[in-house]
Amino acid sequence: MMLQGRHVLLVISGSVSAFKALALMRLLRKAGARVTPVLTAGGARFVTPHAVQAIAGEPVHQDLWSLAGEAEIGHIRLARMADMVAVVPASADFLARMAHGLADDLASTVLLATDRPVLVAPAMNWAMWGHPATQANMALLEARGVRRIGPGTGAMAEAESGPGRLAEPEEVFDVIAAMLTQPRDAQPLAGRHALVTSGPTQEPIDPVRYISNRSSGQQGHAIAAALAALGARVTLVSGPVSLPDPAGVQVVRVETAQQMLAACEAALPAEIAICAAAVADWRVAQAAPQKMKKQPGEAPPPLALALNPDILATLSRHARRPRLVVGFAAETEHVIEHARQKLARKGCDWILANDVSADVFGGTENTIHLVSADGVEDWPKLPKTEVGRRLAARIADAFETATDPA
Ligand code: C5P
């Protein structure tokens with residue numbers, strides 16, 4: 001009874017392989033798990049609600065508009081009552097609806113409302129699976145942290161063969177069991193939304209020239225990855241960098257500080273904001289619409305600069321301010337003192353102060369002092385990936401031990 005006390009919300013969408021969901025339910029129940037089934041209209045074309053209900057051992061949920069259902073158990077509660085949600089089988093249509101946030105039936109509404117880990121087991125014809133639309137939808141879902149098992153390759157209902165075959169019930173069971181038995185504290189930030197800025201910004205002078213800085217984005221990207229690893233839903237707003245997207249993170253690419261601020265505001269609400277980007281302090285006041293020409297004998301053109309918005313300060317004083325706002329301070333002297341001043345000036349909760357008298361931009365290590373209203377924590381010199389992990393763990397602690405981590 002390895003899954004005793006664990007609870008799976010099982011969504012069965014429309015595919016000829018839906019019968020395999022019955023075998024999966026049997027395996028889950030045999031292992032001690034509770035299974036609450038949700039059947040889509042398409043799913044009900046392939047397996048009967050009676051069979052699903054009988055094997056689940058509890059009522060099957062089908063109708064968003066059922067008065068009795070809403071009175072007994074609303075769709076929001078349904079979305080959050082289980083430890084995880086598994087969509088088995090996940091049809092092409094259902095993946096598309098999940099990817100686009102549709103909520104026009106019970107199953108899609110539950111998926112939109114849930115804050116639990118989600119697993120999908122796609123099943124469809126190989127051509128549908130291979131279609132760029134399905135591939136793009138799946139990539140979007142995976143980038144948002146949805147986990148996937150399969151599809152496998154093999155014989156299909158239409159006497160065709162190819163990738164698209166639902167994973168076998170035993171395989172799906174193994175993934176669900178692994179997700180359910182992960183220590184709970186491995187996902188302490190599950191259900192929380194974190195916004196991270198990273199990289200430099202590029203401020204155009206004309207269509208081919210820009211002002212920027214040497215930020216590599218390594219620290220911001222490492223923080224985004226570490227938060228995602230602790231279960232947070234992460235939106236990473238990044239200036240131009242040559243780093244791969246961290247797994248399970250939604251990346252919004254921007255160039256200028258103004259675009260970065262707009263992307264951050266669009267990503268709100270978030271409970272956590274970490275401003276690790278090296279935002280250009282100034283932009284060119286009037287970027288030239290055409291490439292500026294060098295004229296023989298003419299003096300170089302002057303560049304009038306305008307002040308860029310301060311993203312950290314704006315988020316710290318925002319009407320939808322995240323509960324915890326963290327900024328960085330790169331200092332060459334009086335590191336702690338300057339960090340304290342910055343804390344007050346920007347209105348954020350924590351400053352990670354960095355002694356950059358040694359080479360940090362582009363380097364792979366950082367020496368951090370975490371400065372907050374409570375005092376100063378000195379961290380040893382660490383790789384930026386470790387700084388990311390430490391910060392994510394520190395944030396998880398703060399959210400665990402306090403109602404207000406600030
Ligand atoms: O003022 P300073 O640039 O030293 O502050 C650094 C901190 O402020 C970093 O966290 C950086 O991401 C953030 N910042 C910002 N927008 C700016 C300038 C800095 O978010 N325009």
Side-chain angles (χ1 to χ4, degrees), residues 194-204 210-224 226-227 234-241 243 252-268 270 272-285 305-318 320-322 324-357 360-362 366-372 379 384 387-388 390-392 394-395 406:
L195 170 64
V196 181
T197 71
S198 185
T201 64
Q202 286 181 354
E203 310 295 334
Y210 59 80
I211 298 174
S212 190
N213 59 64
R214 295 187 199 282
S215 167
S216 66
Q218 285 180 77
Q219 188 59 82
H221 277 54
I223 291 167
L227 290 166
V234 180
T235 304
L236 174 62
V237 180
S238 178
V241 294
L243 298 171
V252 183
R253 288 183 185 75
V254 296
E255 289 178 357
T256 68
Q258 287 172 307
Q259 290 166 357
M260 187 173 272
L261 176 60
C264 286
E265 292 191 286
L268 295 176
I272 302 156
I274 299 173
C275 294
V279 182
D281 290 315
W282 304 285
R283 65 178 177 276
V284 177
L305 301 178
L307 196 60
N308 262 335
D310 190 312
I311 297 167
L312 176 59
T314 307
L315 291 175
S316 296
R317 305 201 163 92
H318 204 276
R320 297 204 278 172
R321 184 193 197 278
L324 180 68
V325 182
V326 181
F328 276 78
E331 305 287 348
T332 53
E333 54 177 0
H334 308 300
V335 176
I336 307 295
E337 190 187 318
H338 288 169
R340 279 196 206 289
Q341 289 164 5
K342 191 162 291 186
L343 201 61
R345 198 169 63 243
K346 304 264 190 176
C348 59
D349 305 305
W350 297 353
I351 286 277
L352 299 194
N354 220 344
D355 189 342
V356 291
S357 41
V360 170
F361 268 33
N366 265 345
T367 307
I368 296 283
H369 310 275
L370 192 160
V371 181
S372 71
W379 295 0
K384 288 179 179 175
V387 169
R390 232 184 215 243
L391 177 61
R394 190 66 187 69
I395 290 172

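We use all heavy atoms of the structure for the numbers below, so side chains are in, but hydrogens, waters and symmetry mates are not. Both ligands and their constituent atoms are indexed starting at 1 by order of listing.
- A 4.5 Å side-chain heavy-atom check between Trp379 and Leu391 finds at least one atom pair inside the cut-off.
- Atom OG1 of residue Thr256 and atom CD of residue Gln202 lie 10.0 Å apart, to the nearest 0.5 angstrom.
- Taking the ring axis of Trp350 as reference, the NZ or CZ atom of Arg394 stays within 45° of it and closer than 6.0 Å to the ring centre.
- Checking only distances, Ile311 does come within under 3.5 Å of ligand 1, N or O to N or O.
- The protein non-hydrogen atom at the shortest distance from atom 13 (C) of ligand 1 is Leu312 CB, 3.7 Å.
- A salt bridge links Asp349 with Arg321; the closest basic N to acidic carboxylate O contact falls under 4.0 Å.
- By the salt bridge (charged side-chain N to carboxylate O under 4.0 Å, His left out) test, Glu331 pairs with Lys342, sequence neighbours left out.
- Within the model, atoms CD1 of Ile272 and CG of Leu195 stand 10.0 Å from one another, a figure rounded to the nearest 0.5 Å.
- Of all protein heavy atoms, the one lying nearest to atom 21 (N) of ligand 1 is Pro309 O, 2.8 Å.
- Using a 4.0 Å cut-off between heavy atoms, Ala278 makes no contact with ligand 1 at all.
- Residues satisfying the side chain to side chain donor-acceptor pair (under 3.5 Å) test with Asn308, not counting sequence neighbours, are Glu203, Arg283.
- Of the heavy atoms in Cys275, both backbone and side-chain atoms come closer than 4.0 Å to ligand 1.
- Close approach of ligand 1 to Ala277 (heavy-atom distance below 4.0 Å) involves ligand atoms 11 (C), 12 (O).
- Geometrically, ligand 1 and Ala329 share no nitrogen or oxygen pair separated by less than 3.5 Å.
- For ligand 1, one of its N or O atoms has an N or O atom of Lys346 under 3.5 Å away.
- In this structure, atom 18 (C) of ligand 1 lies nearest to the protein heavy atom Val279 CB, 3.9 Å.
- Between Ser238 and Thr197 the shortest side-chain heavy-atom distance does not fall below 4.5 Å.
- For ligand 1, the polar-atom distance check finds no N/O of Gly327 at less than 3.5 Å from any of the ligand's N/O atoms.
- With rounding to the nearest 0.5 angstrom, the NE2 atom of His369 is 13.0 Å from the CD1 atom of Ile351.
- Here Asn308 has no heavy atoms under 4.0 Å from ligand 1, in either its backbone or its side chain.
- The contact set between ligand 1 and Lys342, taken as ligand atoms under 4.0 Å from a residue heavy atom, comprises 1 (O), 2 (P), 4 (O), 5 (O).
- For Phe328, a nitrogen or oxygen atom sits less than 3.5 Å from a nitrogen or oxygen atom of ligand 1, counting backbone and side chain alike.
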